[in-house]
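Working notes, beginning with the structure itself.
Naming convention: chains lettered A, B, ... in sequence-line order (proteins, then strands); numbering from 1 in each chain.
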Amino acid sequence: MLDPKLLRSQTEQVAAQLARRGFVFDLDRFNALEARRKQLQTETERLQSERNAGSKRIGQAKAKGEDVTPILESMDALKRQLGDNEQALAALQTEFEDFALRLPNLPHASVPDGKDDNDNVEVRRWGTPSSIENPKDHADLGEALGQMDFAAGAKLTGARFTVLRGGLARLHRALVQFMLDVHTREHGYEEVYVPYIVNAASLRGTGQLPKFGEDLFALKGEQEWFLIPTAEVPVTNLLREEIVAAETLPRRWVAHTPCFRSEAGSAGRDTKGMIRQHQFEKVELVHAVEPSQSYETLEQLTRHAEAILQKLELPYRVLALCTGDMGAGAAKTYDIEVWLPSQQRYREISSCSNCEDFQARRMLARYRGANGKPELLHTLNGSGLAVGRTLVAILENYQRADGSVEVPAALRPYLDGVEAITA
RNA sequence: GGAGAGAUGGCAGAGUGGUCUAUUGCGGCGGUCUUGAAAACCGCUGACGGGCAACCGUCCGGGGGUUCGAAUCCCUCUCUCUCCGCCA
């Protein structure tokens, strides 16, 4: 959510900033809403003040044993009008809040302008794609090994689910352990285990609700519960409605969770293989920092995610997303894309974002600053990395002519020294 | 699942219809004293919103209700604790 004060005092500048990301801000509606709210709120508070004074007089008169019926009669009309006003104001405030909750974040000045992913800017590359003759894609490799079973996934549930067996299932698990170990041992993150089901308030806090509910799996039942689309939701919400001491900052958390996404609107895209699934594992990095630190932290966070690819010796590049391609909560985002030989292109494997105070304001995540007053934190998150896609990248980049797959050296300690996955 | 007890500012903890502008303690901040510190003493110290300001309003777990007036009474939901049952 954007700062309501900024929204009110510099409406047109905000609208212009949002236009950079292709968002159309309804100025007329906003101004009309604000004019009514201001008038109604001032009037309602005046009536409340009058009522409070009247009630106090009644209390004092009763204490002295005086007759209070004249005052009670004079309060009658006030009561009715106040009731009407309060109701109208509450409706208006709900409308304002809903409007504000659907606005995306302001893009940082350094974010390149652009319409879609064609306008993203490459900032660096690492590694050299190896030349593999007639590279197979991961799905063919996995199926030939007898360890990646899409038919079984489809039978158990449906499309976009996969069953892994044997060596690949183990490699998949090893990746999780490896990533967690690197981030906790070498990058100083605290590992957390969190719920995979969250309530609506948590999703509102990180920005998935109210606007992007169709991307989520909602649970049936009495509670309004959802499967998490990313660990960013439960982990960042650890700070919801908290005021933490400045000395405890920065906070850095790493969590491994499954992620569940409905993939509504992505029909026909990445239908083959494990690239786009309804359920996938991810190791997520989350930071909460003082505002002055957040852009430096974004660089660190991105490097932490890159470190995993470097240790696995997988070629990648880093992109600065353009204004039109960023997620709604982000002020700035770097995507990391890994090389996939079968597609002869780089594909997203991590997304690292600085949300500034966008999420913190929604969830009231604050710290006590130097002046003793609560200040909003800045929150950041990034994949470190998407495990399924990392498995895909290993299969494709480490494939051998005989159909077996070499195990990256960094992972061998997690697999009892096994050097290759074979049928 | 059954029975009971709770939820009040950073923490602890009073308040059971109107002198509540929410008592008090701890913690924190400032001061006095001191070479410095500690102790002692004095003062300040919740959040959010509106207003140029004076000031006003809202908030006692969430929501709803009764009342001129609710932390306090009623309904409802959530969470926590104790005991019983079941359970990985």
Side-chain angles (χ1 to χ4, degrees), chain A residues 1-11 30-31 33-101 193-205 209-210 219 221-226 234 237-249 251 288 357 359-377:
Chain A
M1 194 160 64
L2 302 176
D3 183 356
K5 286 191 181 118
L6 186 74
L7 207 48
R8 285 170 179 143
S9 63
Q10 303 191 41
T11 314
F30 179 83
N31 288 331
L33 208 59
E34 256 302 276
R36 277 195 62 209
R37 180 206 56 85
K38 205 163 176 170
Q39 188 270 329
L40 199 54
Q41 181 163 348
T42 312
E43 176 66 7
T44 303
E45 290 184 358
R46 189 185 65 75
L47 292 172
Q48 285 173 328
S49 176
E50 215 173 292
R51 177 205 58 196
N52 291 347
S55 295
K56 200 166 188 174
R57 277 207 310 280
I58 292 170
Q60 287 164 344
K62 273 194 162 178
K64 292 184 207 153
E66 293 170 4
D67 179 20
V68 296
T69 40
I71 318 181
L72 282 177
E73 279 165 15
S74 73
M75 300 284 280
D76 200 49
L78 177 69
K79 191 197 178 188
R80 274 198 310 275
Q81 211 203 330
L82 181 56
D84 291 348
N85 272 33
E86 282 179 335
Q87 214 164 19
L89 182 61
L92 210 55
Q93 277 167 340
T94 303
E95 199 178 335
F96 182 91
E97 191 166 297
D98 188 67
F99 183 88
L101 282 174
Y193 169 78
V194 292
Y196 303 158
I197 296 172
V198 291
N199 56 32
S202 292
L203 288 157
R204 206 173 304 118
L209 290 179
L219 270 59
E222 286 173 28
Q223 279 95 351
E224 204 183 2
W225 283 356
F226 303 84
N237 273 279
L238 288 170
L239 291 165
R240 175 152 55 86
E241 291 153 51
E242 298 286 338
I243 303 175
V244 302
E247 305 86 75
T248 66
L249 300 173
R251 304 297 297 265
D357 62 13
Q359 297 180 325
R361 183 172 293 105
R362 289 171 162 250
M363 62 174 76
L364 282 182
R366 293 169 291 179
Y367 73 103
R368 212 167 277 281
N371 61 1
K373 290 285 166 199
E375 310 269 2
L376 292 171
L377 290 159

Taking the C1' atom in each of B:G25 and B:G15, what is the distance between them to the nearest angstrom?
15 Å

Kindly determine whether A:Ser202 and A:Asn199 satisfy side chain to side chain donor-acceptor pair (under 3.5 Å), including the steps that lead there.
CA-CA 6 Å; A:Ser202 292; A:Asn199 56 32; 3.2 Å; yes

Assigned partner base of B:A54, Watson-Crick or wobble definition, under 3.5 Å:
none

What does A:Asn52 touch in the nucleic acid at a heavy-atom separation under 4.0 angstrom: a base, only the sugar-phosphate, or nothing?
sugar-phosphate

Under a 3.5 Å limit for both distances, which nucleotide forms a Watson-Crick or G-U wobble pair with B:C59, could you say?
B:G46

Please pick, from B:G18, B:G69, B:C56, the nucleotide with the shortest atom-to-atom distance to any side-chain atom of A:Lys62.
B:G18

Answer yes or no: side-chain N or O of A:Lys56 and base N or O of B:G18 forming a donor-acceptor pair under 3.5 Å.
no

Could you check whether A:Glu34 pairs with A:Lys38 (Lys NZ or Arg NE/NH1/NH2 to Asp/Glu carboxylate O, under 4.0 Å)?
no

A:Ser55 side chain: which of B:G50, B:U58, B:G69 is closest?
B:G69

G-U wobble or Watson-Crick pairing nucleotide for B:U80 (cut-off 3.5 Å, both distances):
B:A5

Mind checking the P distance from B:A38 to B:C48? Whole angstroms is fine.
31 Å

Can you tell me the base-pairing partner of B:G36? Count Watson-Crick or G-U wobble geometry only, both distances below 3.5 Å, and say none if there is no partner.
none

Does B:A22 have a Watson-Crick or wobble partner in any strand here, with both distances under 3.5 angstrom, and which is it?
none

Base-pairing assignment for B:C41 (Watson-Crick or G-U wobble, both under 3.5 Å)
B:G31

Could you check whether A:Arg80 pairs with A:Asp84 (Lys NZ or Arg NE/NH1/NH2 to Asp/Glu carboxylate O, under 4.0 Å)?
no

Check: A:Arg362 side chain, A:Leu101 main-chain N or O, donor-acceptor pair, under 3.5 Å:
yes

Can you tell me if A:Ser74 uses its side chain to pair, donor with acceptor, with the backbone of A:Ile71 under 3.5 Å?
yes

Considering every strand shown, what is the Watson-Crick or G-U wobble mate of B:G69 when both distances are under 3.5 Å?
none

Have a look at A:Arg51 and say if it touches a base, only the backbone sugar-phosphate, or nothing, with a 4.0 Å heavy-atom cut-off.
sugar-phosphate

So which nucleotide from B:G50, B:G57, B:A47 ends up closest to the side chain of A:Arg366?
B:A47

Quick one: label A:Arg80 by what it contacts on the DNA or RNA (base, sugar-phosphate, nothing), any heavy atom closer than 4.0 Å.
nothing

Could you check whether A:Lys38 gets within reach of a base, just the sugar-phosphate, or nothing at all, counting any heavy atom under 4.0 Å?
sugar-phosphate

Can you check whether A:Arg361 has a side-chain N or O nearer than 4.0 Å to OP1 or OP2 of B:C48?
no

